[in-house]
Amino acid sequence: MDRFLGESLYHRSFDNGLKVYVLPKKDFNKVFSMYSTHYGSIDSEFIVPDTKEHLKVPEGIAHFLEHKMFEMEYGNVFEKFAELGTSVNAFTSYNNTTYLFSTTSHFEESLKLLMEFVETPYFTEESVEKEKGIITQELRMYEDEPDWQILINLLRCLYHNHPIRIDIGGTVESIAKIDVDTLYKCYNTFYHPSNMILFVAGCIDPEQVFNLVKQQQDKKGLSSQPTINRIYPEEPDTINEQLCKISLDVSQPQLLIGFKDIDVGYDGRPLFKKELTVAILLDILFGKSSELYESLYEEGLIDERFSFSYEGQKDYGFCAIGGETKDPEKLYNKVLKCIAENKQKGISQEELERVKKKFIGGFIQGFNSLEFIASSFVSYYHKNINLFDYVRVIDEITINDLNERLKLLFNTSRHARSIVLPKT
Amino acid sequence: MSNIFTHKTLQNGIDLYICPTNKFKTISIYFFLHQNLKSETATKTALLPYVLKRGTEKFTTSRSISLFLDDLYGSGMGGDILKRGETQIVSFFMDMVHPKYVEDQDIFDKAMLVFADMILHPVKEDGGFKKDYVNQEKDVLKRNIESLYNDKFNYAIERCFQEMCKDEAYSIYKYGNIEDLDGINNKNLYEYYTDCLKSCPIDIFVMGDVNEQEITDKIEKQFYFERGKVIEVGTGFSKKEVKQERFVEERQNLNQGKLSMGFRTKTRYGDDDYYALMVYNGILGGGTHSKLFSNVREKASLAYYAFSRIEKAKGLMVVSCGIEFDDMQKTIDIIKKQLDDIRQGEITDYEYESTIKSLTNSLKEVQDSPSSIISMYLDGIINGIHEPVEDMIYKLKKVTKRDVVEVAHKIDLDTIFFLNKK
């Protein structure tokens, strides 16, 4: 029970390694569930646990697998969910693949169905070929989205070898190489219960969930699997390229500035603390309450969509700052100047306290949403982080942490720029 | 299940809706000002929330407001424009953490004061809004209008409706027109705003763990000002007959073609057959159980997304998907076949039942988010309907396949818009 939030979290571990978490919200109408594996687009090289085979798989296969999981021997599992009136979906990120549903009735059947289809791989050559047409259109759609293209290009600038530089969905060429056999190998490696988490939030009794899961897992009789050996290429501390410029059919230029974080190699609470420290830092420097934001806005260099974020994982981290602008060069110079000045003068205690308050309030507000609770908990869980440590970690952050992180992360020798220009 | 709003009309005619509930961690205040969507005023209306957000008499800059809100545990305040049929709505919201979770019992009063000040006491200069702010926001709005072009998904839908409703107010973009910006200055915009406050219908919503009487008194005090006769605002619902199907093509440098097909449903929210239309839309393109998902995506592998959506105030529907450029005709044929099939009554039990269950599920889910609850209630106000969710679900469940076929016969394809490559 978290007295601060007035919420309780229930937890059960199963012998095969599966972890289940339930957060009841009795006065909500729906139940929202996420079933997630710690397997994303960057896991394209690994040792198959039982055969010890060293495998390098086509780019985009984790995402392809996600699409194909919905296929069952009897047909499409979408239909079964639709018959229950339950909406089901899935998404693949660089690090995780997550299946989710929400329902206001038929929770038991929906949860059984979710576990059943995620735990039943069924791929045929014909259906794999057919999916290539659908995913090609998904990739084409992203090719026309400037926000996505500018980020991918930034990551290609920041990284030499790490697979984060490759699109989550792969390319039309790489997905053409995907076959049934490789899909099964990926499935068997990464969809083991010991690599997965089930999170349920909403109007539900935790014991009911645990009992359902137990019945389902007992049927399978799997034992725990040792840690998966994932292989990532050696990534130098330097950046790959300083600048990437492309032209798209857009109305005005876009700029994204990135800094490569080389203080990596750890997860858990230290990673949580780093993430929140950087988030506070970014808010102080570039948020709506900052001097920089005010002057950029008044000069017409940015609008409300100006944004900044930090992505922190065990093996990589980067921050990205930017948005649409009429003058990418000027915006770039102003952002860098602001960073240099702040490194000089340092962040003040007052600024830190203000943003801490804002973050704590934002965190509490997030608990209005089952989707926020589930998706934050799950993505943090895969990094060995407990979401419920949030307020304690925020409390821990000192002004020294902030100023040290400022110098460490915003090292100008490790930054790059991605620009999208309108086609002329 | 229902979140009941109590309704009270304040002395000056503002409608206040309060829903005391302890389901959420927040207290939300929403403000809506309704205006008819007209070319003469659309751009001015669109500028209002952006100019008003820039400063109050007390907090004269956006930054000072933002600093103040950070200190109120990151209370979120914002404003934007909504378009529902041929109405344009200036909307503002304020979401704050309920004081019981933090050590600041005055959050509500402080937050409401800055919220009311933003709307009623903006920073002024020479009898108008502050000049610099108006000029900057004109520039921001111009870029905002232009940036629709970058979002090909929404661009293709918006352009389809624009072509289809060329001679109707509905063709006006919710953010207005770039050409109108030149004629707007700090003074005429302020005058326009003063008129709007006097004559446009205004709704205020409050939702959260609050005492109804206490909130009513506070709102009554903060939002009291003289108003005149309130205008009628209409959604421009039309039963326009389609004389001939049109095809419009536009070319850009693209990797994927975007197909949008615009229809006239001649049915609006409040009509007896509205729920039949909802079911129709669900069967056609409202999810993974729909004909479009199964035939355009799953069977023919032509698209990643393919759906239909209804505009319930004006009486329109759009079908949209992203495809290879060369597949356009093939895709149109498949889509038309689905519409024909429904008209012929070829609706499986699976399609029909899944649709009703999925719509019921969505209606119940709305009740789990303050902004969705308020938005649904607002839709009711706009269309002159007051019905609790239970009634909606009841009516939905009563829809038969025959009702769906009947409503299908009213639907006409008006315009096909295709975003092609250069």
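Chain A is the first sequence line, chain B the second, and so forth, proteins listed ahead of strands; every chain is numbered from 1.
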Could you look at [X] and say if it's the side chain, the backbone, both or neither that has a heavy atom under 4.5 Å from chain B?
X	value
Lys26(A)	neither
Glu294(A)	side chain
Glu353(A)	neither
Ile302(A)	backbone
Ser290(A)	backbone
Glu291(A)	both
Leu84(A)	backbone
Lys326(A)	side chain

Report the option among [options] that has the most heavy-atom pairs separated by less than 4.5 Å from atoms of chain A.
options	answer
Ala303(B), Ser362(B), Ser301(B), Ser358(B)	Ser301(B)
Gln136(B), His289(B), Lys422(B)	Gln136(B)
Thr355(B), Ile65(B), Asp71(B)	Asp71(B)
Glu324(B), Gln252(B), Glu353(B)	Glu324(B)
Leu359(B), Asp151(B), Leu254(B), Ile323(B)	Leu254(B)
Gln256(B), Arg297(B), Lys357(B)	Gln256(B)

Does Thr86(A) offer a backbone N or O that forms a donor-acceptor pair with the side chain of Asn361(B) under 3.5 Å?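 Side chain of Asn361(B) to backbone of Thr86(A): no pair is present.
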Looking at Val140(B), is its backbone amide N or carbonyl O close enough to the side chain of Asp303(A) to form a donor-acceptor pair, meaning the two atoms are under 3.5 Å apart?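 Between the backbone of Val140(B) and the side chain of Asp303(A) there is no qualifying donor-acceptor contact (under 3.5 Å).
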Would you check, one step at a time, whether the test side-chain contact (heavy atoms from CB on, under 4.5 Å) holds for Arg140(A) with Phe325(B)? CA-CA 11 Å; Arg140(A) 292 269 183 261; Phe325(B) 302 102; over 6 Å; no
When rounded to the nearest 0.5 angstrom, what distance separates [atom1] in [X] from [atom2] in [Y]?
X	Y	atom1	atom2	answer
Phe68(B)	Ser289(A)	CZ	OG	12.0 Å
Arg143(B)	Glu324(A)	CZ	CD	8.5 Å
Asn150(B)	Gln254(A)	CG	CD	6.5 Å

Going by atom types only, do Asn76(A) and Glu298(B) share a side-chain donor-acceptor pair under 3.5 Å?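 A pair is found: one side chain offers a donor N or O, the other an acceptor, under 3.5 Å apart.
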Any side-chain donor near an acceptor of the partner, Tyr142(A) and Asn255(B), under 3.5 Å: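 Looking only at side-chain atoms, Asn255(B) and Tyr142(A) do not form any donor-acceptor pair under 3.5 Å.
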Does Glu103(B) pair with Lys357(A) as a salt bridge, N-O distance under 4.0 Å?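 No, Glu103(B) and Lys357(A) are not salt-bridged.
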Going by an N to O cut-off under 4.0 Å, is there a salt bridge joining Asp70(B) and Arg354(A)?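 A salt bridge links Asp70(B) with Arg354(A).
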Could you please spell out the steps behind the side-chain contact (heavy atoms from CB on, under 4.5 Å) verdict for Thr104(A) and Glu365(B)? CA-CA 7 Å; Thr104(A) 54; Glu365(B) 282 192 13; 3.9 Å; yes
Heavy-atom check, side chain of [X] versus side chain of [Y], under 4.5 Å:
X	Y	answer
Arg54(B)	Tyr297(A)	yes
Phe153(B)	Asp144(A)	no
Lys23(B)	Phe28(A)	yes

Selection from Ile134(A), Thr136(A), Leu370(A) maximising heavy-atom pairs under 4.5 Å formed with chain B: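 Among the listed options, the one with the most contacts to chain B is Ile134(A).
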If you count heavy-atom pairs under 4.5 Å between each of Ser251(A), Ser87(A), Ser105(A) and chain B, which one has the most?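 The candidate making the most pairs under 4.5 Å is Ser251(A).
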Chi angles and distances behind the side-chain contact (heavy atoms from CB on, under 4.5 Å) call for Tyr293(A), Arg63(B): CA-CA 8 Å; Tyr293(A) 184 93; Arg63(B) 182 166 178 239; over 6 Å; no
Can you list the steps and then say if Lys30(A) with Gln367(B) is a side-chain contact (heavy atoms from CB on, under 4.5 Å)? CA-CA 9 Å; Lys30(A) 76 177 160 197; Gln367(B) 305 302 306; over 6 Å; no
